Chemist: 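My structure is below; once you've seen it, I'll send some questions.
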Amino acid sequence: MRKMFAAGAVLGLLPLTGCNSSTTADTEAVPVTSATDDGTALNKRGAVEVALGEPATVRGPSGALILEVTGTALSAKGCPNNTTDRTQITKQKLTATVSIGNQTSTEWLWPSDFYYVDASGKVTRNLTTSDATPCPGAGKNAFIDLPANSSADGFATLDIPNTATVIGYQSDLSGSDVQIEWKLPTS
C-alpha cells in the first residue's frame, strides 16, 4: 500500500513539475531575432535579412506574398561619381527582380526608402548620402505602379557609404511594413 501511495504521489507531482518548467521558460530572455508568421527569421532591427544575391521574401499575417526581391546585385558601371563625397560614398545600381502579391505600392525599392548599416550598427539613410543624380539606363523606373500579382526587372540608384556592411530597405506604402536587409560581402 505504501508503494502505491508513493507512486501516486510521484505521478501527481509530474504535472506540477511540467507547469513549473514552462513558467521558467516563459521568463527567459527573448532572443535577438524573431520570426514572421511564415517562420522567416527577422534580425534585431525587424528586417528579413539575407546575403546580397539571395532571395528575400516578405509575407503578410495570412502568409500571402507582399514582396519578393531576387537576383540582387550591385554595380557602379555607368554610374556617375557621387558629388557629395566621392571618397566616402559610391553610387551604384542595385539590380533586382521584384515580385508582388495583392498589396500594391506606388513605388517598390524607391531610393529614399533605403538605409545603410556600418559594422558598429550606425544607420545612415540614403536621403543623407544621395546627391539626387540617378544612374542612367533602362530599368530605373521599372518598379513604379506595378499591378497586383506581377513582377519586374529593374534597378534603384543607391549612394552607398564605403563603410556599409548592410543595405536596408523599409517601406509601408503597401499598407504593410516591409523591411529587408542585404548583408554585403566582406572584402
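Just so it is clear, the structure is predicted and the values come from calculations on it, not from any experiment.
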Chemist: Who are the side chain to side chain contact (heavy atoms under 4.5 Å, CB included) partners of S120, not counting sequence neighbours?
Modeler: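 D118, K122.
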
Chemist: Do W108 and V58 sit in one hydrophobic cluster, given that two such residues count as connected whenever their side-chain heavy atoms are within less than 4.5 Å of each other, even indirectly?
Modeler: yes

Chemist: With rounding to the nearest 0.5 Å, note down the distance linking CG in N82 to OG1 in T87.
Modeler: 9.5 Å

Chemist: Linking I/L/V/M/F/W/Y whenever any side-chain heavy atoms sit under 4.5 Å apart, do V50 and I100 land together?
Modeler: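 Cluster IDs for V50 and I100 match.
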
Chemist: Ignoring hydrogens, what is the shortest heavy-atom contact between W182 and A51? Give both atom names and the distance.
Modeler: CD1-O, 4.0 Å

Chemist: Show the nearest heavy-atom pair for residues R125 and S112, with the distance to one decimal.
Modeler: NH2-O, 3.3 Å

Chemist: Quick check: does any side chain N or O of T165 sit under 3.5 Å from a backbone N or O of V117, one acting as donor and the other as acceptor?
Modeler: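 Flag set: sc T165 to bb V117 pair under 3.5 Å.
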
Chemist: Exactly one of L52, V166, I167 should register a side-chain contact (heavy atoms from CB on, under 4.5 Å) with E181. Which one does?
Modeler: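 Checked L52, V166, I167 against E181; only one passes side-chain contact (heavy atoms from CB on, under 4.5 Å): V166.
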
Chemist: Kindly determine whether V178 and D113 satisfy side-chain contact (heavy atoms from CB on, under 4.5 Å), including the steps that lead there.
Modeler: CA-CA 10 Å; V178 174; D113 294 332; over 6 Å; no

Chemist: So if you build clusters from Ile, Leu, Val, Met, Phe, Trp, Tyr with side-chain heavy-atom gaps below 4.5 Å, do L42 and I66 land together?
Modeler: yes

Chemist: Is there a side-chain contact (heavy atoms from CB on, under 4.5 Å) between L184 and L74 once you walk through the steps?
Modeler: CA-CA 10 Å; L184 297 174; L74 289 172; 3.7 Å; yes

Chemist: Minimum heavy-atom separation for Q103 and S176, please, with both atom names.
Modeler: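 Heavy atoms of Q103 and S176 come nearest at NE2-OG, 3.0 Å.
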
Chemist: State the OG1-OH distance between T124 and Y115, to the nearest 0.5 angstrom.
Modeler: 12.0 Å

Chemist: Quick one: OG1 on T157 to CD1 on I160, what's the gap to the nearest 0.5 Å?
Modeler: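 Between atom OG1 of T157 and atom CD1 of I160 there are 10.0 Å.
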
Chemist: Nearest 0.5 Å please: distance from the CG atom of D85 over to the CG atom of N162.
Modeler: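 The distance works out to 8.5 Å.
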
Chemist: Output every pair passing side chain to side chain donor-acceptor pair (under 3.5 Å) with a member in residues 143-155, not counting sequence neighbours, ordered by first then second residue.
Modeler: T97-D153, N102-N149

Chemist: Check T90 against A76 and note the closest heavy-atom contact, atom names and distance.
Modeler: CG2-CB, 4.4 Å

Chemist: By ring pair (Phe, Tyr, Trp, His ring centres under 6.0 Å), which residues pair with Y169, not counting sequence neighbours?
Modeler: F114

Chemist: Could I get the full list of ring pair (Phe, Tyr, Trp, His ring centres under 6.0 Å) partners for F155, not counting sequence neighbours?
Modeler: none

Chemist: Which atom names give the shortest non-hydrogen contact between S75 and C79, and what distance separates them?
Modeler: O-SG, 4.0 Å

Chemist: Give the intermediate values and the outcome of side-chain contact (heavy atoms from CB on, under 4.5 Å) for residues V48 and T57.
Modeler: CA-CA 8 Å; V48 171; T57 305; over 6 Å; no

Chemist: Which value, rounded to the nearest 0.5 Å, describes the distance between T95 atom OG1 and K140 atom NZ?
Modeler: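 Taking OG1 in T95 and NZ in K140, the distance rounds to 16.0 Å.
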
Chemist: Quick one: list whatever passes side chain to side chain donor-acceptor pair (under 3.5 Å) with D172, sequence neighbours left out.
Modeler: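 So D172 forms no side chain to side chain donor-acceptor pair (under 3.5 Å) with any residue.
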
Chemist: Using salt bridge (charged side-chain N to carboxylate O under 4.0 Å, His left out) as the criterion, list what pairs up with D177, not counting sequence neighbours.
Modeler: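 Listed in chain order: nothing, the list is empty.
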
Chemist: Run the numbers on W110 and L173 for side-chain contact (heavy atoms from CB on, under 4.5 Å), then give the verdict.
Modeler: CA-CA 10 Å; W110 186 249; L173 292 177; 5.9 Å; no

Chemist: Identify the heavy atoms of A96 and T72 that sit nearest to each other, and give their distance.
Modeler: CB-CG2, 3.9 Å

Chemist: Rounded to the nearest 0.5 Å, what separation is found between the NZ atom of K93 and the CG atom of L158?
Modeler: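 Reported value, rounded in 0.5 Å steps: 12.0 Å.
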
Chemist: Give a yes or no on whether L65 and L146 share a hydrophobic cluster (residues Ile, Leu, Val, Met, Phe, Trp, Tyr; joining criterion: side-chain heavy atoms under 4.5 Å apart).
Modeler: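 No, L65 and L146 fall in different hydrophobic clusters.
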
